[in-house]
Amino acid sequence: MRFSRSFGRTLREAPADAEMISHQLLIRGNFVRPAGAGIYTFMPFGYRVIRKIWAILAEEMDAIGGQEMWMPNLHPASLWQATGRWDTVDVLMKVKAGGSREYALSATHEEIIVDLALREIESYRDMPRMIYHISKKFRDEPRARGGLMRLREFIMKDAYTLDTSEEALDAYYPSMIQAYYNIFERCGTPARAINADVGAMGGKSSHEFVVPHEQGEDMFIACTNCDYAANVEAAVFVREGEKPDKLNELGKILTPDCKTIADVASFVGVLTSQTLKAVFYWWTPLGEGEENGRFIFGLVRGDLEVNEVKLINALGGGALRPATDDEIKAGGVTPGYASAVGLDVAADLTEPGVFVIADTSIEAGGNFVVGANEAGYHYTGANYPRDFTISQMADIAQADTGRQCAQCGGRIEAQRAIEAGHCFKLGTRYSTAVNATYLDEKGKPQLIFMGSYGIGLDRLMAIIVEKHHDDYGIIWPDSVAPFQVHLMHIGKGDEVRQTADSLYETLQQAGFEVLYDDRKASPGVKFNDADLIGIPWRVTVGGRSLAQGGVEVKRRSQPDRHLVPISELVAMVSN
RNA sequence: CGGGGCGUAGCUCAGUUUGGCAGAGCGCUCGGUUUGGGUCCGAGAGGUCGUCGGUUCGAAUCCGGCCGCCCCGACCA
């Protein structure tokens, strides 16, 4: 590629609204251009990187038996209605055509896959199968952000497995996990697999691949001692603390202006872990309107926080929002001075009364200070179950730095990260919906077991830049670089020009992808562009080096420059 | 969807407080100069000031609606 003919230009300054380094550098380097919020064009340089990542993904998927295919992005509404996701996936973009016809834009491809499985899979002999494709996804993200980090239209590699049983799915799963490790390793962004919440995908379990990053959207927990790691929404931990040997009597004390746990603890003179915290939500079951929801009373030890995703999972799904003051009071609860003591507690979700869901931490300690459900008063010496009842006990507290690891007893630590990939064991969630079955050895119909495995290519490209850059620009890993060699000539003279022209041919004939900066520009402009674009090898032809018998070769990732005889150039950059 | 910020030349931004000829730097074009780290000099092209409406003799500037973009939160397969 001759630079003088490349489409688009590099920018000296990044657009002011580009905040993340990857966003700034990818725009400045002419890799991408925005078309709208969360919508980007991949310019020629950027598309080359995408194709490199594409090749790595395809190789690793093929290596574990994957078959690449290509699925549509326009999905008939009936397919999404069949799985029940037409109305429940709120980021689904829908389009109308021809009057009454409706389509979903491909937010993901489970619907297409399970429909294909229904048609193509008839016998246990037709499985296992692993198929994948790399194509566009469209999601109506309420908030696109971070350049290529969160997009409304993006490129995803998604693979799907079809198996005869859960055992077969389990048996194959580790090879997919290993392929993912290989992929991220090869892209220069080693990622870590962590246990994750299954979210709207449904299914049994999932692993997220995360790359630690301070601006990441994900929070995960990792043990400082062992290999335990999980998304905060799935992380378990030990509630340290014991029930006291001697239970104090329940006593009521005056606690004016003590509406927060910190206020109460300092007023009474106890640690926050000797209090109980109440939080209130309005919960709407899956597929119901808000009017069919109910008031939920969440209870955790005072030094902990409720994790809303854990809480929703404990309730069996649905949606949660903070309760209004009126809803709280309607439950017989006094905001700021709330506790389960004296409440009319519901036995289960079908019964009237206040549904109190408590974290297991309320049993890791005792003689708690709790609200008296009366403004200005708290109880001391409150103990479960002596002084109050609950509706349900569950793990609803958020894991955080300093807590104890459930696996080894060490200390855990919270870290921010970017989600780079996700593997789901879907099980029969989708095959059940459309009755996708096969005949087993005995001729009996059985449901197909599915898995789905995704990696966002654009996001991965951005993560690579986040991890591989310096003050001057991008430093592409060799594996995904748009070109291997950035050739340029600087200075005057026919010899310089002719030497560079012939090296351009030589290098290409030797099999290298070469970006040849043949522009009539000052050396500073060319060097700065080379640093910005970040191609691994830079080859400079100039009068100075030619006089010394060679050309200058520099690795983008290293500071030193080498004078290399032209005859040795190909060998040099082959390493 | 809640909170905050922004919208003026391709890019970065000034001008808006206090209404009065549309500006700078970079980039682009032309001429010259320079030639190993964003050279220097000169001459140019380029803008319905996001959009619609209102106030006014007069609006980029004041008021209102809408649209778009960014950040935080909610959400997130």
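Worth saying up front: this structure is predicted, and the values here are computed from it rather than measured. Labels below follow one simple rule: chain letters A, B, ... track the order of the sequence lines, proteins then strands, and each chain is numbered from 1.
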Using the C1' atom as the reference point in each nucleotide, state the distance between B:G38 and B:U56 in Å, no decimals. 48 Å
Could you go through nucleotides 69-75 of chain B and list every protein N or O atom that sits under 3.5 Å from one of its N or O atoms, giving the distance for each pair?
residue: B:C69; atom: OP1; partner: A:A37; partner atom: N; Å: 2.9
residue: B:C69; atom: O2'; partner: A:D17; partner atom: OD2; Å: 3.1
residue: B:C71; atom: OP1; partner: A:G146; partner atom: N; Å: 3.3
residue: B:C72; atom: OP2; partner: A:R143; partner atom: NH2; Å: 2.2
residue: B:G73; atom: N7; partner: A:R143; partner atom: NH1; Å: 3.4
residue: B:A74; atom: N6; partner: A:R145; partner atom: NH2; Å: 3.4
residue: B:C75; atom: O2; partner: A:R150; partner atom: NH2; Å: 3.2
residue: B:C75; atom: N3; partner: A:R150; partner atom: NH2; Å: 3.2
residue: B:C75; atom: N4; partner: A:R145; partner atom: NH2; Å: 3.2

Quick one about A:Y453 and A:T161 (side-chain donor to acceptor, distance below 3.5 Å, no hydrogens or angles considered), yes or no? yes
From CD of A:Q24 across to C1' of B:C11 the rounded distance in Å is 14 Å
Between CG of A:L11 and C1' of B:C13 the distance, given in whole Å, is 15 Å
Between the side chains of A:E102 and A:W80, is a donor N or O closer than 3.5 angstrom to an acceptor N or O? no
Tell me what A:P15 touches on the nucleic acid: a base, only sugar-phosphate, or nothing, going by heavy atoms under 4.0 Å. sugar-phosphate
Applying the Watson-Crick and G-U wobble criteria at under 3.5 Å, what pairs with B:G47? Answer none if nothing qualifies. none
Run the side-chain hydrogen bond (donor to acceptor under 3.5 Å, both in side chains) test against A:Y47 and tell me which residues pass, sequence neighbours left out. A:R51
Distances for protein N or O near nucleotides 24-27 of chain B N or O, under 3.5 Å:
residue: B:G27; atom: OP1; partner: A:R12; partner atom: NH2; Å: 3.2

Under the ring-ring contact (aromatic ring centres under 6.0 Å, His included) test, which residues partner A:Y181, sequence neighbours left out? A:F209
Quick one: ring-ring contact (aromatic ring centres under 6.0 Å, His included) partners of A:W283, sequence neighbours excluded? none
In whole Å, what separates the C1' atom of B:C28 from that of B:G37? 23 Å
Residues in contact with RNA chain B, drawn from residues 481-502 of chain A - heavy-atom cutoff 4.0 Å: A:I490, A:G491, A:K492
Working to the nearest 0.5 Å, report the span between CG of A:D87 and CD of A:Q81. 7.5 Å
Could you tell me which nucleotide pairs with B:C11 by Watson-Crick or G-U wobble geometry, both distances under 3.5 Å, or answer none if nothing does? B:G25
Considering only the P atoms, how many Å lie between B:C76 and B:G4, rounded to the nearest integer? 24 Å
Tell me which nucleotide, if any, is Watson-Crick or G-U wobble paired with B:C1 when both distances must be under 3.5 Å. B:G73
Nearest 0.5 Å, please: how far is CH2 in A:W476 from CZ in A:F31? 5.5 Å
For the pair A:R143 and A:E217, find out whether any cationic side-chain nitrogen is under 4.0 Å from an anionic carboxylate oxygen. no
Residue pairs, two or more places apart or on separate chains, that pass salt bridge (Lys or Arg N to Asp or Glu O under 4.0 Å) and touch residues 450-475 of chain A: A:D470-A:R556
From CA spacing to verdict: side chain to side chain donor-acceptor pair (under 3.5 Å), A:H489, A:Y504: CA-CA 11 Å; A:H489 61 72; A:Y504 181 46; over 6 Å; no
Does A:A14 or A:R139 map to a spot on RNA chain B nearer the 5' end, using the closest nucleotide for each? A:A14
Measuring only the P atom in each nucleotide, how far is B:G19 from B:C26? A whole number of Å is fine. 33 Å
Salt-bridge contact A:R429-A:E110 (side-chain N to carboxylate O under 4.0 Å): no
Spacing of A:H75 atom NE2 and A:R85 atom CZ [to the nearest 0.5 Å]: 10.5 Å
Per the salt bridge (Lys or Arg N to Asp or Glu O under 4.0 Å) rule, what does the pair list look like for residues 151-160 of chain A, sequence neighbours excluded? A:K136-A:E153, A:K137-A:D158
Using the C1' atoms only, state how far B:C13 lies from B:C6, rounded to an integer number of Å. 12 Å
Across all strands shown, which nucleotide pairs with B:G68 by Watson-Crick or G-U wobble geometry, both distances under 3.5 Å? B:C6
Touch check for A:R321, heavy atoms < 4.0 angstrom, all strands: base, sugar-phosphate only, or nothing? nothing
B:C11 P sits how many Å from A:R28 CZ, rounded? 15 Å
For residues 557-567 of chain A, which residues have at least one heavy atom under 4.0 Å from RNA chain B? A:R561
On the 0 to 90° scale, with breaks at 30° and 60°, tag the A:H422-A:F424 ring pair as parallel, tilted or perpendicular. parallel
Between the side chains of A:Y173 and A:H207, is a donor N or O closer than 3.5 angstrom to an acceptor N or O? yes
Return the set of residues passing salt bridge (charged side-chain N to carboxylate O under 4.0 Å, His left out) with A:E141 (not counting sequence neighbours), or none when no residue passes. A:R150
Which of residues 515-531 of chain A sit near RNA chain B, with a heavy atom under 4.0 Å from it? A:S522, A:P523, A:G524, A:V525, A:F527, A:N528, A:D529, A:D531
Remember a base hit wins even if backbone is also touched, and classify A:R33 as base, sugar-phosphate or nothing at under 4.0 Å, heavy atoms. nothing
Using atom C1' in both nucleotides, what's the gap between B:G5 and B:A22 to the nearest angstrom? 25 Å
Interatomic distance at P, B:C52 relative to B:A60, whole Å: 13 Å
In whole Å, what separates the P atom of B:G58 from that of B:C21? 15 Å
Report the residues that fulfil side chain to side chain contact (heavy atoms under 4.5 Å, CB included) with A:S175, sequence neighbours left out, ordered by chain and then residue number. A:I64, A:Y172
Using 0.5 Å steps for rounding, measure from the CD1 atom of A:I112 to the CG atom of A:L79. 5.0 Å
